[in-house]
Amino acid sequence: AMQTSMTIEDFISKNSYDIPIVPIRQSNKFYIKKHTQIQIPYYHSHLFYELIYVHKGSCLQQLKDRQLTMTKGDCVLLSPGAAHLIKKCDKSNIILKAVIPKNIFNETGGAILGDISEDSVTIFDKVNENAEFAILKLLEYQSHTSPHSDLIAKSYLTILFAELTSRHTEDIVTKQMLDDYFSKNIK
């Protein structure tokens with residue numbers, strides 16, 4: 001008997017039952033972690049929102065209808081049902097993935113971004129310093145176990161989504177502008 005290897009894409013496209021065979025991941029807990037280079041890439045979707053941020057280097061996202069090359073500072077939000085895979089990265093790349101359950105997204109990003117359809121991908125090019133700060137604070141606070149940890153995480157998520165949707169650059173409020181304001185208004 002001769003065996004041939006088949007990619008997931010080939011298997012799905014040759015599936016005579018027309019049943020989508022894509023694993024669906026679940027989580028009811030917010031967390032953020034580094035994407036590992038040892039993970040075997042596979043198409044999957046989720047019942048939660050996934051935010052992917054390239055802190056250093058680059059990665060290649062395979063979406064159902066296209067490939068997306070992400071580089072330092074790029075961020076993408078995948079809504080529930082959006083099938084994708086992140087191709088293997090080398091160890092010099094730092095790709096952060098945040099799992100955001102629907103109820104938490106509705107309280108934070110949903111209030112800012114509005115209704116996002118299932119199975120959609122929202123791309124944010126080159127996040128500003130405030131958005132990056134919020135991402136890094138989320139990474140820091142997820143390990144805290146204080147009674148206020150969830151509230152702090154939701155607050156940083158709200159700030160993150162507000163910053164992702166704003167189109168200002170990091171140099172809008174410069175030190176000189178602050179100095180001018182304080183010298184004119186604070187006696």
Side-chain angles (χ1 to χ4, degrees), residues 8 22-64 67-113 116 118-165:
I8 290 173
V22 177
I24 300 173
R25 296 177 53 210
Q26 302 181 59
S27 180
N28 60 0
K29 182 176 187 273
F30 168 80
Y31 64 89
I32 185 169
K33 68 179 185 174
K34 182 179 183 280
H35 178 72
T36 63
Q37 70 268 13
I38 60 170
Q39 184 174 348
I40 297 171
Y42 65 97
Y43 276 104
H44 64 280
S45 77
H46 337 90
L47 295 178
F48 50 81
Y49 290 84
E50 184 172 31
L51 186 82
I52 299 167
Y53 170 66
V54 179
H55 180 69
K56 179 181 173 190
S58 64
C59 73
L60 186 62
Q61 281 276 351
Q62 180 64 53
L63 306 169
K64 71 177 179 182
Q67 282 193 357
L68 176 64
T69 300
M70 296 177 65
T71 58
K72 179 180 171 43
D74 288 343
C75 187
V76 66
L77 178 67
L78 301 156
S79 68
H84 75 112
L85 69 81
I86 301 175
K87 298 222 173 168
K88 279 199 172 217
C89 304
D90 66 42
K91 63 183 175 182
S92 67
N93 296 309
I94 300 175
I95 315 303
L96 299 175
K97 303 184 305 182
V99 167
I100 309 167
K102 287 180 184 180
N103 64 321
I104 293 174
F105 178 81
N106 291 338
E107 291 179 44
T108 60
I112 294 165
L113 297 171
I116 295 179
E118 296 274 318
D119 192 25
S120 69
V121 177
T122 306
I123 301 168
F124 304 99
D125 294 328
K126 305 302 175 220
V127 304
N128 64 40
E129 286 179 345
N130 296 331
E132 182 177 39
F133 176 80
I135 291 168
L136 296 177
K137 292 305 279 185
L138 285 164
L139 188 60
E140 174 189 340
Y141 270 96
Q142 79 173 351
S143 62
H144 291 208
T145 56
S146 79
H148 306 295
S149 295
D150 287 346
L151 180 60
I152 292 168
K154 288 177 184 176
S155 298
Y156 277 118
L157 277 170
T158 302
I159 291 167
L160 172 60
F161 287 117
E163 289 295 334
L164 288 175
T165 58

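Note that the numbering runs from 1 along the sequence shown for the chain. Atoms considered below: every heavy atom in the structure, side chains included; atoms not considered: hydrogens, waters and symmetry mates.
Within the 3.5 Å criterion, the main-chain N or O of Lys72 finds a donor-acceptor partner in the side chain of Lys126. The main-chain N or O of Ser120 is found under 3.5 Å from a side-chain atom of Ser79 such that the two form a donor-acceptor pair.
With a 6.0 Å radius and a threshold of 12 heavy atoms from other residues, nucleotides or ligands, Lys64 has its NZ atom at or below the threshold.
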Evaluate the side-chain contact (heavy atoms from CB on, under 4.5 Å) criterion for residues Leu113 and Thr165: first the C-alpha distance (whole Å), next the side-chain angles of each, then the deciding distance (0.1 Å), finally the verdict. CA-CA 8 Å; Leu113 297 171; Thr165 58; 2.9 Å; yes
side-chain contact (heavy atoms from CB on, under 4.5 Å) between Leu51 and Ile32, worked out: CA-CA 9 Å; Leu51 186 82; Ile32 185 169; over 6 Å; no
Could you walk me through whether Val127 and Leu164 pass side-chain contact (heavy atoms from CB on, under 4.5 Å), step by step? CA-CA 6 Å; Val127 304; Leu164 288 175; 3.3 Å; yes
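If you look at His46 and His84, their ring centroids are closer than 6.0 Å.
Considering every non-hydrogen atom in both Ala162 and Ile112, the closest pair reads N-CD1, 3.6 Å. Taking every heavy atom of both residues into account, Ile95 and Cys59 meet most closely at CD1-CB, 3.8 Å. Closest approach of Ile116 to Tyr49, counting heavy atoms only: O-OH, 4.2 Å.
Here the options are Glu132, Lys97, His35, the test is side chain to side chain contact (heavy atoms under 4.5 Å, CB included), and the partner is Tyr53; only Glu132 passes.
Distance check, rounded to the nearest 0.5 Å: NE2 of His55 to CD1 of Ile135 gives 9.5 Å.
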